[in-house]
Amino acid sequence: MTIAFPPLPYADDALAPHISAETLQTHHGKHHKTYVDKVNAAIEGTDLAGKSLEDIIRHAESAGNKGLFNNSAQSWNHAFYWNSMAPKKTAPSGDLAAAIDRDFGSLDDLKKKLKDTAINHFASGWAWLVAQDGKLSVTDTHDAGTEATKGVKPLLVVDVWEHAYYIDRKNVRPDYVNAVVDELLNWDFAAENLARDGSWTYPG
């Protein structure tokens with residue numbers, strides 16, 4: 001069994017004008033696909049063939065296999081990122097909205113924290129909204145670093161690798177981050193992740 005390359009949960013042009021079809025075709029169709037292809041090539045004929053992507057990430061990290069970790073974690077992060085955005089603007093409600101008010105003061109304060117973390121992250125990486133022990137927080141990970149296997153529950157993520165925005169925004173990361181956080185974040189997905197028993201898992 002190979003690791004799946006999941007389709008986008010919306011059309012290539014569904015996030016325009018904030019993220020173009022060309023960006024999604026390149027980012028998803030080339031970058032994400034390459035990570036998945038490299039994972040499958042690395043596990044073929046090994047004991048990892050048939051394992052979940054989460055198990056592969058854990059194994060690679062514990063074994064110090066940086067190449068396999070980078071490609072498996074990037075595969076997971078990207079699939080989670082596509083689901084962290086939605087073509088139709090959403091807003092937090094219910095338990096998620098209450099948790100945001102409790103832990104950040106307001107949705108605007110959370111957005112500011114997430115934007116600041118994403119914009120100021122040095123070089124490549126990811127800015128996350130996570131839950132741990134019932135409390136929400138914003139974190140960041142470097143390069144292929146992931147919250148998938150860290151004992152926290154990822155709710156949303158913003159990709160701040162340059163390939164997420166260079167076609168549309170050149171090197172202007174703040175414009176991209178502001179558009180994602182203000183217009184595209186899928187708060188319904190975040191609410192599902194908060195309510196689920198365990199964490200989101202990579203689609204098989």
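All values below come from the heavy atoms of this structure, side chains included, with hydrogens, waters and symmetry mates left out. The structure presented is a predicted model; accordingly, all values stated were derived computationally and were not measured.
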Colleague: Is Y202 close to S52 at the side-chain level, that is, under 4.5 Å between some pair of heavy atoms?
Modeller: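 Answer no - side chains too far apart.
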Colleague: Salt bridge or not between K112 and D108? Use side-chain N to carboxylate O under 4.0 Å.
Modeller: no
Colleague: Quickly, which of W82, F80, Y81 forms a ring-ring contact (aromatic ring centres under 6.0 Å, His included) with W200? Name it, please.
Modeller: F80
Colleague: Are any non-hydrogen side-chain atoms of I100 and L136 less than 4.5 angstrom apart?
Modeller: yes
Colleague: Mind checking the CG-OG spacing from L129 to S137? Nearest 0.5 Å is all I need.
Modeller: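 Taking CG in L129 and OG in S137, the distance rounds to 7.5 Å.
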Colleague: Could you list all the salt bridge (Lys or Arg N to Asp or Glu O under 4.0 Å) pairs where at least one residue sits in residues 59-76, not counting sequence neighbours?
Modeller: E61-K150
Colleague: For the pair H31 (side chain) and T26 (backbone), establish whether a donor and an acceptor sit closer than 3.5 Å, ignoring hydrogens and angles.
Modeller: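 Not at all, since once roles are kept as given, no pair shorter than 3.5 Å links the two residues.
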Colleague: Quick one: does W76's side chain get under 4.5 Å of N71's, heavy atoms only?
Modeller: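 No; the side chains remain at least 4.5 Å from each other.
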Colleague: If you look only at pairs with a residue in residues 15-36, which of them pass as a salt bridge (Lys or Arg N to Asp or Glu O under 4.0 Å), with sequence neighbours excluded?
Modeller: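 Pairs touching residues 15-36 that pass the test: K33-D37.
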Colleague: Under a plain distance cut-off of 3.5 Å, with no hydrogens placed, do D143 and S124 share a side-chain donor-acceptor pair?
Modeller: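 There is no such pair (donor and acceptor under 3.5 Å, judged by atom type) between the side chains of S124 and D143.
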Colleague: Could you check whether any side-chain N or O of R173 sits under 3.5 Å from a backbone N or O of V160, counting only pairs where one atom can act as donor and the other as acceptor?
Modeller: yes
Colleague: What distance separates N65 CG from I57 CD1, expressed to the nearest 0.5 Å?
Modeller: 12.5 Å
Colleague: Verify side chain to side chain donor-acceptor pair (under 3.5 Å) between H27 and D159, making sure each step is shown before the conclusion.
Modeller: CA-CA 11 Å; H27 193 180; D159 186 346; 3.0 Å; yes
Colleague: Does N40 offer a backbone N or O that forms a donor-acceptor pair with the side chain of T2 under 3.5 Å?
Modeller: no
Colleague: Does any part of the side chain of L24, heavy atoms only, come nearer than 4.5 Å to the side chain of Y10, both counted from C-beta?
Modeller: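 In contact.
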Colleague: Okay, side chain of S72, backbone of A60: is any donor-acceptor separation there less than 3.5 Å?
Modeller: no
Colleague: Can you find a heavy atom in the side chain of L184 that is under 4.5 Å from one in the side chain of L15?
Modeller: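 Contact flag for L184/L15 side chains = yes.
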Colleague: Tell me whether N178 contacts the main-chain N or O of P174 through its side chain, where contact means a donor paired with an acceptor under 3.5 Å.
Modeller: yes
Colleague: Could you walk me through whether I56 and L68 satisfy the side-chain contact (heavy atoms from CB on, under 4.5 Å) test, starting with their C-alpha distance in whole Å, then the side-chain angles of each, then the deciding distance to 0.1 Å, before giving a yes or no?
Modeller: CA-CA 8 Å; I56 293 169; L68 181 57; 4.0 Å; yes
Colleague: Check V36 against S75 and note the closest heavy-atom contact, atom names and distance.
Modeller: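 Closest approach of V36 to S75, heavy atoms only: N-OG, 3.4 Å.
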Colleague: I want to check something: taking the side chain as every heavy atom from C-beta on, are T117 and H121 in contact at a cut-off of under 4.5 Å?
Modeller: no
Colleague: What are the two closest heavy atoms between L53 and V39, and how far apart are they?
Modeller: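 It is CD1-CG1, 4.5 Å.
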Colleague: Which other residues end up in the same hydrophobic cluster as Y166, if Ile, Leu, Val, Met, Phe, Trp and Tyr are linked when side-chain heavy atoms come under 4.5 Å apart?
Modeller: I167
Colleague: With rounding to the nearest 0.5 angstrom, report the CG to OH distance, N77 to Y35.
Modeller: 9.5 Å
Colleague: Could you tell me which non-hydrogen atom of S199 sits nearest to which non-hydrogen atom of V152, and how far apart they are?
Modeller: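 For S199 and V152, the tightest heavy-atom pair comes out as OG-O, 3.5 Å.
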Colleague: Measure the CG-CG distance between N186 and L155 for me, rounded to the nearest 0.5 Å.
Modeller: 11.5 Å
Colleague: Taking all atoms of both residues into account, what is the closest heavy-atom pair of E54 and T201, and its distance?
Modeller: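 Minimum heavy-atom separation between E54 and T201: OE2-CA, 3.2 Å.
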Colleague: Please evaluate residues D116 and K113 with respect to the criterion salt bridge (charged side-chain N to carboxylate O under 4.0 Å, His left out), reporting the C-alpha separation (whole Å), side-chain torsions for both, the decisive distance (0.1 Å), and the verdict.
Modeller: CA-CA 5 Å; D116 288 347; K113 176 70 172 175; over 6 Å; no
Colleague: Tell me the closest heavy-atom pair linking Q132 and G151, and the distance in Å.
Modeller: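 Scanning both residues, the minimum pair turns out to be NE2-O, 3.9 Å.
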Colleague: Output the distance between atom CG (D12) and atom CD1 (I19), rounded to the nearest 0.5 Å.
Modeller: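 Reported value, rounded in 0.5 Å steps: 12.0 Å.
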Colleague: Would you please test Q74 and W126 for side-chain contact (heavy atoms from CB on, under 4.5 Å) and show each step?
Modeller: CA-CA 10 Å; Q74 284 290 81; W126 304 83; 3.1 Å; yes
Colleague: Would you indicate whether the side-chain heavy atoms of W128 and L156 approach each other to under 4.5 Å?
Modeller: no
Colleague: Is any side-chain heavy atom of V177 less than 4.5 Å from a side-chain heavy atom of L114?
Modeller: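 When only atoms from C-beta onward are counted, L114 and V177 do not touch, as no gap falls below 4.5 Å.
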Colleague: If we ignore angles and hydrogens, is there a donor and acceptor under 3.5 Å between the side chains of D168 and T23?
Modeller: yes
Colleague: For H78 together with W161, are the ring centres under 6.0 Å from each other?
Modeller: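 Between H78 and W161, which both carry aromatic rings, the centre distance is not below 6.0 Å.
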Colleague: Heavy atoms only: give me the nearest N193-K153 pair and the separation to one decimal.
Modeller: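 Minimum heavy-atom separation between N193 and K153: O-CD, 2.8 Å.
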Colleague: Thinking salt bridges, do K115 and D182 make one under a 4.0 Å N-O criterion?
Modeller: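 Yes, this pair counts.
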Colleague: How long is the straight-line distance from CZ of R196 back to CG of L194, given to the nearest 0.5 Å?
Modeller: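 With rounding to 0.5 Å, CG (L194) is 10.5 Å from CZ (R196).
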